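It should be emphasised that the depicted structure is a prediction, and the values quoted were computed from it without experimental measurement. The basis for the numbers below is simple: all heavy atoms, side chains too, and nothing from hydrogens, waters or symmetry mates.
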Amino acid sequence: MKRIASIVLASLTILSGCIPIQRVFWSPDGRWAVVLDETGTRLVNGESLEVTPLTITPVRSSTTSPATMPDEMPADFDGPVAWFRHEPELLAPVGLLGARWSDLRGLLPEDEVEQIAAAAERARRIMLDGIPPNEALPVDKSSALASRERTMVILYLSEQAGDELSARWEAAWKEVETSVDKLTVLIRCRFHDAKLTLDRVIAFLGSEMHSVQVSPDDRFVSCAVVKNPKENLLGELWLIDLQRPSEPVRVAETAAWYHDWSADGRYLFYIAGLSDAGDQILGVLNRADLAGGLDGIGKDGNPEPMAGLLLNALQAVRVLPDGQLLFSSGEVTLPTVAKDMPQKPSLFAMHPGKYPGLMRILPRQAAEEFDMLPWFAPSPDGTRAALADEDGRIAVLTVATGELQIVQPTRIEGKETSDRLRTYPVWRNNDELTFFAPPGSELCEQGGFVLWSKDKTRCIPGLLLKESDHPATQPAEPKQDPDR
């Protein structure tokens, strides 16, 4: 039997890549931000600007041994975070090394624990009767979301029957056990007194998760998971019903990462390829109706295509409070010669049921002055949108007028785009936008995390810096400049 290691949060994976990602996640009330810093996951108080390490406390079941799970663990999240709207809770992916069944069973509904135990006992009997492990275990889906049942059955058997299975199957069983040595788990956590408590396992991620959202009614989880990032950045889009988390549904096999929900939680808007083929140029903006739950997906014209566009893994669609849709895409009239294909994305709007057609909202002159990336973030009231370019500059677009204001004008040096654009800009509230400014910036002289508004600029020096930027490894005292 393999040696069981203590459960440890594994090192970050997607956070060290060359593609820029969102590293700042504000709670709905704007009071707290989870920040995926170079030195670990941090919690920022939006009022005092106090920065503290974020920790997780496990929920203990009757079979959980304190020797295998520590009282507190650093919250080294392995990707993006999503807050719930109506409860002080959030979702986040964590990497686990040497996880045990007794560590995780307390994070599963009791009826699922019973189902896992029954499935494991069936598989054990079959294997002892001579059926190889990979044939006896529940079938694993060939997808970016790992089989929840198979993973938990292996952990159960490793702890409860590992010795006899190892004696019977030796290398074949060892290979199965090794497959769950490192897990990436999407977990649900309760947030209280600036700390997290593990609550539930939502999904096992077989690949890198690049975005996750909770529907406004706190019923569904949507996440984009990239199966083979070296081959194709388009992700699989999955939906999970929190009332039935063991039965996720794949909505699209080739989707852009950034999707959004209608205000009532009924519709999910996302951009996906015209087919499931990996190498695609053309895509569709779709609307999936969740009124009937996950069972209605893929039936009777659901999802509904809304618009055709050029496809990019990093492009986004966002829903404004009035129901208007904003999305990014290159603008092109087909057919066209290759040299006339668009090299830069722009922003477009459509309002289903209110007016026909599409409207460009980023003026062409502004697009020439500011080479925006496909990602963008509207303010909570929908009146403005934050844009970023690959050199780390940040701009604010007034949606109604097309006026563009560059609020972080310094071009940042760095080999990779993720070095220059340390995080995508995100709004704390309708007035305050947060982003990274480099050392020497007028916004934050030492470089760090900036909270910008028209009336004032605040900053937390050192936060989001890399060692190549500055020798400091811990954030300095926050700076506030009410006169800026």
Side-chain angles (χ1 to χ4, degrees), residues 14 78-82 84 89-96 99 104-105 107-109 111-113 115-116 119 137-155 179-180 183-189 198-228 234-261 265-273 276 286-299 302-303:
I14 72 169
D78 205 18
V81 173
F84 285 74
E89 298 179 327
L90 57 79
L91 295 176
V94 295
L96 302 179
L104 296 179
R105 65 161 292 166
L107 305 177
L108 301 174
D111 59 344
E112 186 176 359
V113 170
Q115 293 170 10
I116 295 296
L137 292 165
V139 176
D140 197 358
K141 300 174 183 177
S142 178
S143 71
L145 220 61
S147 169
R148 181 185 179 109
E149 182 184 19
R150 180 184 176 93
T151 301
M152 296 307 296
V153 164
I154 294 172
L155 291 175
S179 71
V180 295
L183 301 173
T184 302
V185 185
L186 182 62
I187 57 171
R188 182 173 182 167
C189 301
L198 280 172
D199 181 49
R200 283 286 181 267
V201 169
I202 301 302
F204 291 92
L205 304 172
S207 304
E208 298 176 357
M209 187 179 72
H210 284 272
S211 70
V212 61
Q213 286 199 38
V214 180
S215 60
D217 57 3
D218 290 348
R219 167 77 184 276
F220 299 103
V221 175
S222 53
C223 59
V225 187
V226 179
K227 188 175 180 182
N228 297 307
L234 293 171
E236 293 182 2
L237 181 60
W238 286 83
L239 277 172
I240 301 170
D241 187 339
L242 290 174
Q243 296 179 4
R244 295 186 301 170
S246 61
E247 304 174 30
V249 169
R250 183 168 56 192
V251 181
E253 290 191 40
T254 54
W257 297 355
Y258 302 109
H259 48 275
D260 205 4
W261 291 87
R266 174 174 177 175
Y267 297 107
L268 174 68
F269 295 89
Y270 66 95
I271 297 170
D276 293 333
N286 293 296
R287 178 174 67 181
D289 189 344
L290 276 296
L294 299 186
D295 294 337
I297 300 296
K299 302 175 182 177
N302 186 20

**Stepwise side-chain contact (heavy atoms from CB on, under 4.5 Å) test for Leu183 and Leu155** = CA-CA 11 Å; Leu183 301 173; Leu155 291 175; 4.0 Å; yes
**Asked** Checking side-chain contact (heavy atoms from CB on, under 4.5 Å) for the pair Arg219/Leu242: CA distance, chi angles, key distance, verdict?
**Response** CA-CA 6 Å; Arg219 167 77 184 276; Leu242 290 174; 5.9 Å; no
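Smallest separation of non-hydrogen atoms from Pro303 and Asn286: CB-CB, 4.1 Å. The shortest heavy-atom contact between Pro216 and Gly265 is CD-CA, 3.8 Å. Considering all non-hydrogen atoms of both residues, Ile202 and Arg148 come closest at O-NH1, 2.7 Å. Minimum heavy-atom separation, Cys189 to Leu198: SG-CD2, 4.1 Å. Minimum heavy-atom separation, Tyr270 to Ala252: CE1-CB, 4.0 Å. Closest approach of Ala99 to Leu104, counting heavy atoms only: CB-CD1, 4.2 Å.
Proximity of Leu290 to Ile297: side-chain heavy atoms (C-beta onward) are separated by under 4.5 Å at one or more points. Residues Val212 and Val81 fail the side-chain proximity criterion, which asks for heavy atoms closer than 4.5 Å. Residues Val221 and Leu186 are in side-chain contact: their nearest non-hydrogen atoms beyond the backbone lie under 4.5 Å apart. For the pair Phe204 and Met152, the minimum side-chain heavy-atom distance is below 4.5 Å.
The OG atom of Ser179 sits 4.0 Å away from atom CD1 of Ile154, with the distance rounded to the nearest 0.5 Å. In this structure, Arg200 CZ and Leu91 CG are separated by 13.0 Å, a value rounded to the nearest 0.5 Å. Interatomic distance, Leu237 CG to Arg250 CZ, rounded to the nearest 0.5 Å: 11.0 Å. In this structure, Ile187 CD1 and Asp199 CG are separated by 10.0 Å, a value rounded to the nearest 0.5 Å. The CG atom of Leu268 sits 8.0 Å away from the CD atom of Gln213 when rounded to the nearest 0.5 Å. Residue Trp257 holds its CH2 atom at 14.0 Å from CD1 of Ile271, rounded to the nearest 0.5 Å.
Not one N or O on the side chain of Arg266 forms a donor-acceptor pair closer than 3.5 Å with the backbone of Ala291. A donor-acceptor pair under 3.5 Å is absent between the side-chain atoms of Asp78 and the main chain of Gly95, judged by distance alone.
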